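Quick note on labels: first sequence line is chain A, next is B, and so on, each numbered from 1. All heavy atoms count here, side chains included; hydrogens, waters and symmetry mates do not. This structure is a prediction, so every number in the text was calculated from the model and none was measured.
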Amino acid sequence: MEIVYVYTKKRSEFGRQCNFSDRPAELHVDILPDPSQMDNYIERNPCDNPTQCAQEMSEHEVNTERFQTETRGINHVEGGWPKDVNPQEMEQTIRYRKKVEKDENYVNTVLQLGSLMEHCIKQNTAIDIYQQYFEEEEVSEGAEEQPSAKTINVFRDPNEIKRTATGLSWHPDGAKKLAVAYSSLEFQRATKDMSFDSYIWDIENPDKPEMTLKPVSPLVCLEYNPKDSHILIGGCYNGQIAYWDTRKGSQPVEMSTIEHSHRDPVYKVIWLQSKTGTDYFSASTDGHVLWWDIRKMSEPTEKLILDPSKKGNLDNALGAISLEFETTMPTKFMVGTEQGQVVSCNRKAKTPAEKIVCTYSGHHGPIYALQRNPFFPKNFLTVADWTARIWSEEIKESSIMWTKYHMAYLTDGCWSPVRPAVFFTTRMDGTLDVWDLLFKQNDPTLSLKVCDESLYSLRLQDNGRFLVCGSQLGTTTLLEISPGLCTLQRNEKALATAMFERETKREKILEARHREMRLKERSRSEQGKEEETKDVDTEESSEDLVARAEKEFFEVVEFELKKREREEEKSQSKADKEKEISEEKEAED
Amino acid sequence: MSEVEETLKRIQSHKGVIGTIVVNAEGIPIRTTLDNSTTVQYAGLLHQLTMKARSTVRDIDPQNDLTFLRVRSKKHEIMVAPDKEYLLIVIQNPSE
């Protein structure tokens, strides 16, 4: 039976304010019990009624911060002896043992276990089931595997104000530690509160650095001594060089004197191969390359000014950003400059002029990374502006191979120490590229976005398997590369040799052709005398060129300004005219 | 009792066997052919390992039980035959 109540209201009364009034209760519906309904139901007796007296529980998940665990063990020397037996006393222990041996249970157990054990021993002596079978047939799984890289650990800068991780160096033995140099390379961006510290991290522990290095000025680069794993040298932002001994603490053992150090941040330090293992050299954008001995930091042992005109003129000098030194060729080294040239030098030359052997130009910006191929020392890789280029020592005009121009600036790069045709580059958009030249030359084989900010530095471990890259906010990421990219393939060396030779040959042919064309042009110009005099005029000094450039620049600027003024006037007059027209219109209205 | 001696002697005389230890449930070495400190170390460590292995096997299938435990390492193989009360440990160098 439905209970219905009808509610009516006149249309004209809608929206009126409500006027409430009291009235007594009204009975609308009264349903009386109907005994005939009882026939539809059967009484249930007894009734089961479950109750539970239990605590109310709710589930809640919490993720705590990573906590440090240490495992410690206590070594009990001997235990379990019953109270009456003193383990030190031989007699008592022997007596106890004899008692146990008489036990029937013991006898049965030992016999039973003994037979079981004998069975296994005999198995072992019969056949060595873990012997290496099928040793010759090692299937090359690397071919089918997709190249990949996995992030293993991330080390963050513990300070509040994040600095860029500009220098990375692996510990020479076993690579269980990583030294990271932090500094801010942006011009005048370093705040007063910015910490100067650099850290040495233990790979397994990303929460806290293992050791802190406290220099006088932030470190731009940092290198472990390959011969002595306790010594590190670091180049500072203010041009000094400091060296640490990890056994002696966080303060530098010695620093180079300010008068003899560089005048600009020291961008790269490399240890040299020497009998004493204490020599190294450093480069900076002030145009100097200095050689030092750790035992005497007050003065460099040798100096070189990077003047391409070979006159030792500091004003002409190019600023050095990267250095390259190969221990197999101890007399030669290369410097990558801020101006985009690579200068190849000979250390053992008699005069400073002869020290600079030749230059390779082709880049548009500072050369951030420079490295010889560990398998083919004649070829080297440079990373600068938006490309990475591979050069051959013989061809000075241009690189033999280069990558396409990327969307972001390339900041660092290095060859893989195990595969001759693989190299890595990092970019300003936070991407790490792995290039395998035997697989694909136009694009990187693997492109990984490591982080959102730009990556500044990159370092591979000597086994080629692990690499670290440092970012702008001081985050250093440790990555493991898939085995396909770090195991030497079967004919890789031969193929890489063939590839480099082919490209070198191509460049040689192009160079020869260029030379021919230039000779032709020169012979043509020699015929026309007017052109000769023009040539003389064009040999303006650099100052005149600068003045001319300035004049042209200002002319262009003024022209633009005038143009804009004219346009403004035009639009003003237009606006005035429109105003007049509208006023007229209104007047008409 | 002589049978026990015989068995243990036979085991020890097999090719490559370096040492034999019989340990009771409390970790007391009853019989050993190695020196005391090594014995105590093996007894303690292997006892724990055997307990863990046994509990693992029984967790997976409660009807199952551990009968034998072999740990092969680079240098040699440690074999443990467990029982309710005792443990027989043999260290063998199989690749001779």
Side-chain angles (χ1 to χ4, degrees), chain A residues 69-136 174 463, chain B residues 1-18 20-32 36-37 39-41 43-45 47-48 66-70 72-74 76-96:
Chain A
T69 49
E70 265 181 58
T71 41
R72 284 179 191 220
I74 308 175
N75 190 17
H76 294 288
V77 177
E78 244 187 88
W81 290 102
K83 287 213 177 110
D84 50 352
V85 176
N86 181 359
Q88 314 297 335
E89 291 241 355
M90 282 282 290
E91 276 182 34
Q92 293 187 15
T93 53
I94 290 179
R95 213 185 312 152
Y96 183 80
R97 284 198 175 107
K98 284 227 168 87
K99 193 170 69 170
V100 173
E101 284 181 3
K102 293 212 173 85
D103 186 15
E104 207 188 294
N105 190 12
Y106 172 79
V107 172
N108 289 339
T109 314
V110 173
L111 290 176
Q112 185 203 357
L113 295 179
S115 60
L116 185 59
M117 181 66 75
E118 265 201 270
H119 175 71
C120 290
I121 291 178
K122 284 184 191 161
Q123 260 185 357
N124 272 348
T125 52
I127 276 186
D128 182 8
I129 59 175
Y130 298 105
Q131 182 194 343
Q132 185 75 315
Y133 298 107
F134 310 118
E135 251 186 60
E136 309 81 32
N463 62 8
Chain B
M1 212 198 75
S2 59
E3 293 170 353
V4 172
E5 294 286 341
E6 240 187 71
T7 313
L8 290 175
K9 233 188 262 189
R10 209 178 42 233
I11 289 179
Q12 183 66 30
S13 64
H14 271 287
K15 187 166 87 127
V17 173
I18 301 172
T20 315
I21 306 172
V22 181
V23 194
N24 79 344
E26 269 116 37
I28 302 172
I30 310 291
R31 249 328 195 57
T32 171
N36 197 26
S37 50
T39 305
V40 167
Q41 199 176 19
L45 294 167
H47 193 97
Q48 291 180 31
L66 180 72
T67 52
F68 203 83
L69 181 65
R70 268 171 151 178
R72 198 159 238 232
S73 72
K74 272 201 287 204
H76 41 239
E77 178 162 348
I78 305 170
M79 295 179 276
V80 181
D83 183 72
K84 230 167 28 135
E85 276 248 11
Y86 300 95
L87 215 64
L88 173 62
I89 302 168
V90 171
I91 302 128
Q92 186 192 23
N93 188 354
S95 58
E96 271 181 30

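Closest non-hydrogen pair, A:Cys120 versus B:Met79, comes out as CB-SD, 3.9 Å.
Of the listed residues B:Thr7, B:Ile30, B:Leu87, the one with more heavy-atom pairs under 4.5 angstrom with chain A than any other is B:Ile30. When the candidates A:Asn105, A:Asn108, A:Val110, A:Thr109 are compared by the number of heavy-atom contacts under 4.5 Å with chain B, A:Thr109 comes out ahead. With chain A as partner, the option from B:Leu8, B:Thr39, B:Val90, B:Thr20 having the largest number of non-hydrogen pairs under 4.5 angstrom is B:Val90.
The distance from the CE atom of A:Met117 to the NE2 atom of B:His14 is 11.0 Å, given to the nearest 0.5 Å. Put simply, NZ on A:Lys122 and NZ on B:Lys15 are 14.0 Å apart, with the number rounded to the nearest 0.5 Å. To the nearest 0.5 Å, atom CD of residue B:Glu3 and atom CG of residue A:Leu111 are 5.5 Å apart.
A:Tyr106 has its side chain out of reach of B:Glu85: every pair of non-hydrogen atoms, C-beta onward, lies at least 4.5 Å apart. The shortest distance between side-chain heavy atoms of B:Phe68 and A:Leu113 does not fall below 4.5 Å.
With hydrogens and angles disregarded, no donor-acceptor distance shorter than 3.5 Å links the side chain of B:Arg10 to the backbone of A:Glu118. Put simply, the side chain of A:Arg97 gets close to the backbone of B:Pro29: a donor and an acceptor are under 3.5 Å apart.
Using a 4.5 Å cut-off between heavy atoms, B:Thr67 touches chain A through its backbone atoms (N, CA, C, O) alone. Using a 4.5 Å cut-off between heavy atoms, A:Glu104 does not touch chain B at all. At a 4.5 Å heavy-atom cutoff, the contact between B:Val22 and chain A is made by side-chain atoms alone.
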